[in-house]
Trainee: 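One structure, as structure tokens, below. Some questions next.
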Amino acid sequence: MTASIIGINNTTTVRGLANFDLESILECGQCFRWERNGHNDYSGIVGDKVVRIVQKGDSAVFHGCTELDFSETWSEYFDMKTNYGDIIEKLSINDTVIQTATGFAPGIRILRQPLFETLVSFIISANNSIPNIRRIIFTLSAMYGKRIDFEDRRFYTFPEAAVLAEAEVNDLKLSKAGYRCEYIKKTATSFKNSPLTVSNLKSMGYLNAKKTLEQFMGVGSKVADCTLLFSGAYVSAFPVDVWVKKIMEEFYIKEETSLKRIRQFADSRFGSLAGYAQQYLFYYARSNM
DNA sequence: CCACAGGACGGCT
DNA sequence: AGCCGTCCTGTG
């Protein structure tokens, strides 16, 4: 993307955005911590950086964000250097389903979220609804994260693995995560004892990276793929949930089938762009089917 | 009160 | 390898 960036007075303005729609990006189901203030006006925290972003057309104003914050944190988080127009064009060849899904939300981007937060968030997402997931993550962060005040509101960093590893399961249950609290504590303990990074995962190849994540308690195939995709480790990962299963069976495979066969189909059809395809299809299916 | 939504685990074949 | 009952919480 050839966007221009100007920072002044702790505010950074980005102009010339392409395939960037804040609402699509933040509400397409890949992240859980952003708060909506109004149309294309959101506040959120990543690591220990809090920001408020207001988008109008092809420009966005990042409040509480220096030009350095933008280049060090937000540019990477929002995957600003990837050309989504090219991706949509390639996926759309001879594919009216993708044409419809990308036409519905051409401004989706795949975020690059912190690894441990992504892993725990998607453990919580299993067998759960998005409003619930958001409440649970907010409560855990308020209980175990560091408070950061911004524009008269309180934000909390996502808890460190070492902190969640020491937490009492009964205290974790105040978040209403239920049986997933055992998974959170066990995964945090394993992660603390042998920390993983996105570059570790990238260096071992997709299959080994997925197997590695599936060793954590509470992480199956779908959660592992979500973690790989939404941390930016592998944009070829194709998480299959009930919505993706439904749209793939109805429009591509034309019969009911197993999750495994859907993943194989997606890999052969979308290849290295499967993760992008998944997110367009998921958001379209969830909003329209 | 009940039905239902949402994936991983563990025991079974 | 594949199938299925169970797990927790909130909503209709």
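Letters A, B, ... mirror the listed sequences (proteins, then strands); counts begin at 1. Bear in mind that the values here come from a model prediction, so they are computed numbers and not experimental data.
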Trainee: Figure out the CZ/P separation between A:F216 and B:dC9, and round it to whole Å.
Mentor: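 Checked: the CZ to P distance equals 12 Å.
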
Trainee: Go nucleotide by nucleotide along DNA chain B from the 5' end; which of A:V219 and A:S125 gets its closest nucleotide reached first?
Mentor: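 Result: A:S125.
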
Trainee: Once the angle between the rings of A:W34 and A:Y77 is folded into 0 to 90°, is it parallel (under 30°), tilted (30 to 60°) or perpendicular (over 60°)?
Mentor: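 Rings of A:W34 and A:Y77: tilted, 30 to 60°.
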
Trainee: Can you find a heavy atom in the side chain of A:L273 that is under 4.5 Å from one in the side chain of A:Q278?
Mentor: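 When only atoms from C-beta onward are counted, A:Q278 and A:L273 do not touch, as no gap falls below 4.5 Å.
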
Trainee: In plain terms, say whether A:K186 and A:E182 are close enough for a salt bridge, that is, a side-chain N and a carboxylate O under 4.0 Å apart.
Mentor: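 No, no charged N to carboxylate O under 4.0 Å.
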
Trainee: Counting only side-chain heavy atoms from C-beta out, which of C:dG10, C:dC7, B:dC9 sits nearest to A:N127?
Mentor: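 It is C:dC7.
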
Trainee: Is any side-chain N of the basic residue among A:D48 and A:K146 closer than 4.0 Å to the acidic one's carboxylate O?
Mentor: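 Salt bridge between A:D48 and A:K146, a charged N being under 4.0 Å from a carboxylate O: no.
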
Trainee: Within this structure, what is the CZ-to-P distance between A:F282 and B:dG7, rounded to whole angstrom?
Mentor: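 Nearest whole value for this atom pair: 8 Å.
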
Trainee: Sequence neighbours left out, what pairs pass ring-ring contact (aromatic ring centres under 6.0 Å, His included) with at least one residue falling in residues 115-164 of chain A?
Mentor: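 Of all non-adjacent pairs touching residues 115-164 of chain A, those that pass ring-ring contact (aromatic ring centres under 6.0 Å, His included) are A:F32-A:F122, A:F116-A:F191, A:F122-A:F230.
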
Trainee: Kindly indicate whether the side chain of A:Y183 and the base of B:dG7 share any N or O donor-acceptor pair separated by less than 3.5 Å?
Mentor: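 No, the side chain and the base share no sub-3.5 Å donor-acceptor pair.
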
Trainee: Which of these nucleotides, B:dG6, C:dG10, B:dC9, is closest to any side-chain atom of A:R180?
Mentor: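 Output: B:dG6.
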
Trainee: To the nearest Å, how far apart are A:K173 NZ and C:dC7 C1'?
Mentor: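 Distance check: A:K173 NZ to C:dC7 C1' gives 11 Å.
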
Trainee: Grab the CG-P distance between A:L119 and B:dA8 for me, whole Å please.
Mentor: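 My rounded result for the distance is 12 Å.
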
Trainee: Describe the nucleic acid contact of A:R135 in one word from base, sugar-phosphate, nothing, applying a heavy-atom distance below 4.0 Å.
Mentor: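 Since only primed, P, OP1 and OP2 atoms lie under 4.0 Å of A:R135, the category is sugar-phosphate.
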
Trainee: Any side-chain N or O of A:W243 below 4.0 angstrom from OP1/OP2 of B:dG6?
Mentor: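 So the side chain of A:W243 is within the cut-off, an N or O lying under 4.0 Å from OP1 or OP2 of B:dG6.
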
Trainee: Is the phosphate of C:dT9 approached by A:K176 (side-chain N or O, under 4.0 Å from OP1 or OP2)?
Mentor: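 The answer is no; no side-chain N or O of A:K176 sits under 4.0 Å from OP1 or OP2.
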
Trainee: In the single-linkage hydrophobic clustering (I, L, V, M, F, W, Y; side-chain heavy atoms under 4.5 Å), do A:I130 and A:Y42 co-cluster?
Mentor: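 A:I130 and A:Y42: separate clusters.
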
Trainee: CG of A:N132 versus P of B:dG7: gap in Å, rounded?
Mentor: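 Going from CG in A:N132 over to P in B:dG7 covers 13 Å.
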
Trainee: Mind calculating the distance between NZ (A:K245) and C1' (B:dA5) to the nearest angstrom?
Mentor: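 For the pair A:K245 NZ and B:dA5 C1', the rounded distance is 15 Å.
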
Trainee: Report the relative orientation of the aromatic rings in A:F78 and A:F62; use parallel for angles under 30°, tilted for 30 to 60°, perpendicular for over 60°.
Mentor: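 Perpendicular: the ring planes of A:F78 and A:F62 meet at over 60°.
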
Trainee: Quick test: give all pairs of protein nitrogen or oxygen and nucleotides 1-6 of chain C nitrogen or oxygen below 3.5 Å, distance rounded to 0.1 Å.
Mentor:
none

Trainee: Just how far, in rounded Å, is P of B:dC9 from CG of A:N128?
Mentor: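 Taking CG of A:N128 and P of B:dC9, I get 15 Å after rounding.
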
